[in-house]
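In the text below, chain A, chain B and the rest are named by the order of the sequence lines, each starting its count at 1.
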Protein chains: 2
Amino acid sequence: MAKKQLTELLRQEGLSITSPRLNVLAVLDESEGPLSVENIVERSTIQIPLSTVYRVVADLLDARIVSTFSSPDKKLLVELTRSTSGHHHHLYCQSCEKVFDIDLDTKIERLIENVIKDVSDSHGMRVYDHSFEIYGTCDRGGHHLKSGQD
Amino acid sequence: MAKKQLTELLRQEGLSITSPRLNVLAVLDESEGPLSVENIVERSTIQIPLSTVYRVVADLLDARIVSTFSSPDKKLLVELTRSTSGHHHHLYCQSCEKVFDIDLDTKIERLIENVIKDVSDSHGMRVYDHSFEIYGTCDRGGHHLKSGQD
DNA sequence: TCAATAAATGATAATGATTCTTAATATTTA
DNA sequence: TAAATATTAAGAATCATTATCATTTATTGA
């Protein structure tokens with residue numbers, strides 16, 4: 001995606017255009033999958049302090065430009081909201097520490113929605129989200145090759 | 001569950017019988033749902049340092065006497081493995097910060113297994129676990145009433 | 001375009017959950 | 001019961017994340 005488009009993303013949400021924000025967006029845009037804050041810093045062409053990345057991510061999250069969730073080892077993972085067709089799930093590889101987006105087909109997803117409705121009704125709760133995550137190992141090339149996505 | 005039974009649980013797994021271990025087990029046994037480490041300390045009749053609870057929980061986890069997972073705010077949650085019929089899922093309440101165990105019916109769970117098989121095959125991964133979590137609010141009595149379970 | 005104003009950043013300190021270290025204590029085993 | 005072994009308590013250390021605040025940068029309106 002061109003820098004101009006990234007700029008437009010920010011402008012549309014009323015966020016001012018700054019170099020840390022553009023760079024974080026560019027890094028996320030170039031990645032195939034979700035990235036940790038550390039990943040983002042590593043991949044950025046300019047140097048950005050971790051604290052700034054956390055703040056930028058929080059702002060982008062408020063604006064719903066990115067989505068966040070946690071890895072099995074409880075680190076913050078970030079991805080462009082737009083890069084996925086809305087709701088989806090994640091597949092974690094224990095050995096190479098990558099995360100993959102997965103989409104369930106509509107039938108399955110609808111079934112899950114029904115299950116959620118049953119469960120939440122029986123508990124008298126209003127549900128705002130759900131997650132479905134799969135943990136495995138790819139067994140390619142040993143353990144802990146490298147963190148990062150693509 | 002009687003103290004004698006808790007003792008037996010430890011003995012069966014070859015763990016020595018200590019007062020922190022028995023107390024952590026007793027607290028978990030009396031709770032309706034999963035507890036955080038802090039919850040456990042609060043509810044224990046004897047005083048146990050946090051670090052000891054973490055270590056005890058790690059030992060009990062190795063012995064598969066307890067199971068652990070993470071809350072949305074990334075805290076460690078613990079429950080007796082025995083208290084649930086094996087695999088199950090969780091429902092989190094944002095307002096009162098409780099966690100409930102939920103069981104999906106066999107048909108649904110089997111369906112999920114199939115989905116997982118498809119996904120893992122297509123990514124060439126060996127799957128060792130999955131999670132399915134629901135997030136909601138019970139809207140009873142305002143927000144952040146109290147952490148804890150029963 | 002340029003100064004005034006508001007917002008964002010960088011550097012670093014603070015925090016909170018969890019883990020580690022080590023001397024002291026409790027449990028097990030012979 | 002005593003020696004050998006495992007566990008604990010206390011607090012320091014660590015890691016990810018958040019907060020603080022002085023400085024810099026972006027925006028806006030003349």
Could you pull out the protein-nucleic contacts involving nucleotides 6-11 of chain C (nitrogen or oxygen on both sides, under 3.5 Å)?
{"from": "dA8(C)", "atom 1": "OP1", "to": "Arg21(A)", "atom 2": "NH1", "distance (Å)": "3.3"}
{"from": "dA8(C)", "atom 1": "OP1", "to": "Arg21(A)", "atom 2": "NH2", "distance (Å)": "2.9"}
{"from": "dT9(C)", "atom 1": "OP1", "to": "Thr18(A)", "atom 2": "OG1", "distance (Å)": "2.8"}
{"from": "dG10(C)", "atom 1": "OP2", "to": "Thr52(A)", "atom 2": "OG1", "distance (Å)": "3.0"}
{"from": "dG10(C)", "atom 1": "N7", "to": "Arg55(A)", "atom 2": "NH2", "distance (Å)": "3.2"}
{"from": "dG10(C)", "atom 1": "O6", "to": "Arg55(A)", "atom 2": "NH1", "distance (Å)": "3.1"}

Original post:
Hey, mind stepping through Leu91(B) and Ile102(B) against side chain to side chain contact (heavy atoms under 4.5 Å, CB included) and telling me if it holds?
Top reply: CA-CA 7 Å; Leu91(B) 174 63; Ile102(B) 56 183; 4.1 Å; yes
**OP:** Please report the C-alpha distance between Val37(A) and Tyr54(A) in whole Å, then the side-chain angles of each, then the deciding distance to 0.1 Å, and finally whether the side chain to side chain contact (heavy atoms under 4.5 Å, CB included) criterion is met.
**Re:** CA-CA 7 Å; Val37(A) 170; Tyr54(A) 277 106; 3.7 Å; yes
Subject >> Derivation of the ring pair (Phe, Tyr, Trp, His ring centres under 6.0 Å) call for Phe100(B) and His90(B) >> reply: CA-CA 6 Å; Phe100(B) 304 93; His90(B) 297 107; over 10 Å; no
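Counting heavy atoms from C-beta outward, Glu79(A) and Asp101(A) have side chains that approach closer than 4.5 Å. Side-chain atoms of Tyr135(B) and Pro72(B), non-hydrogen and from C-beta on, do get closer than 4.5 Å to each other.
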I'd like a table of donor-acceptor pairs (distance under 3.5 Å, sequence neighbours excluded) in which one partner is a side-chain atom from residues 6-14 of chain A, with atom names and distances.
{"from": "Thr7(A)", "atom 1": "OG1", "to": "Lys3(A)", "atom 2": "O", "distance (Å)": "2.9"}

Name each donor-acceptor pair under 3.5 Å that joins a side chain in residues 58-70 of chain A to protein atoms two or more places apart or in another chain, with its distance.
{"from": "Asp59(A)", "atom 1": "OD2", "to": "Arg21(A)", "atom 2": "NH2", "distance (Å)": "3.0"}
{"from": "Ser67(A)", "atom 1": "OG", "to": "Thr81(A)", "atom 2": "OG1", "distance (Å)": "2.9"}

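Within residues 1-12 of chain A, no residue has any heavy atom under 4.0 Å from DNA chain D.
Within the structure, every pair that satisfies the salt bridge (Lys or Arg N to Asp or Glu O under 4.0 Å) test and touches residues 65-76 of chain B, not counting sequence neighbours, is listed here: Asp73(B)-Lys75(B).
Sequence order on DNA chain D of the closest nucleotides to Ile17(A) and Lys74(B) puts Lys74(B) first from the 5' end.
First and last contacts of DNA chain D with chain A, using any nucleotide atom under 4.0 Å from a protein heavy atom and ordered 5' to 3', fall at dA16(D) to dT27(D).
For His89(B) and His130(A), the ring centers are positioned 6.0 Å apart or more.
With hydrogens and angles left out, the side-chain atoms of His88(B) and Asp103(B) include no donor and acceptor closer than 3.5 Å.
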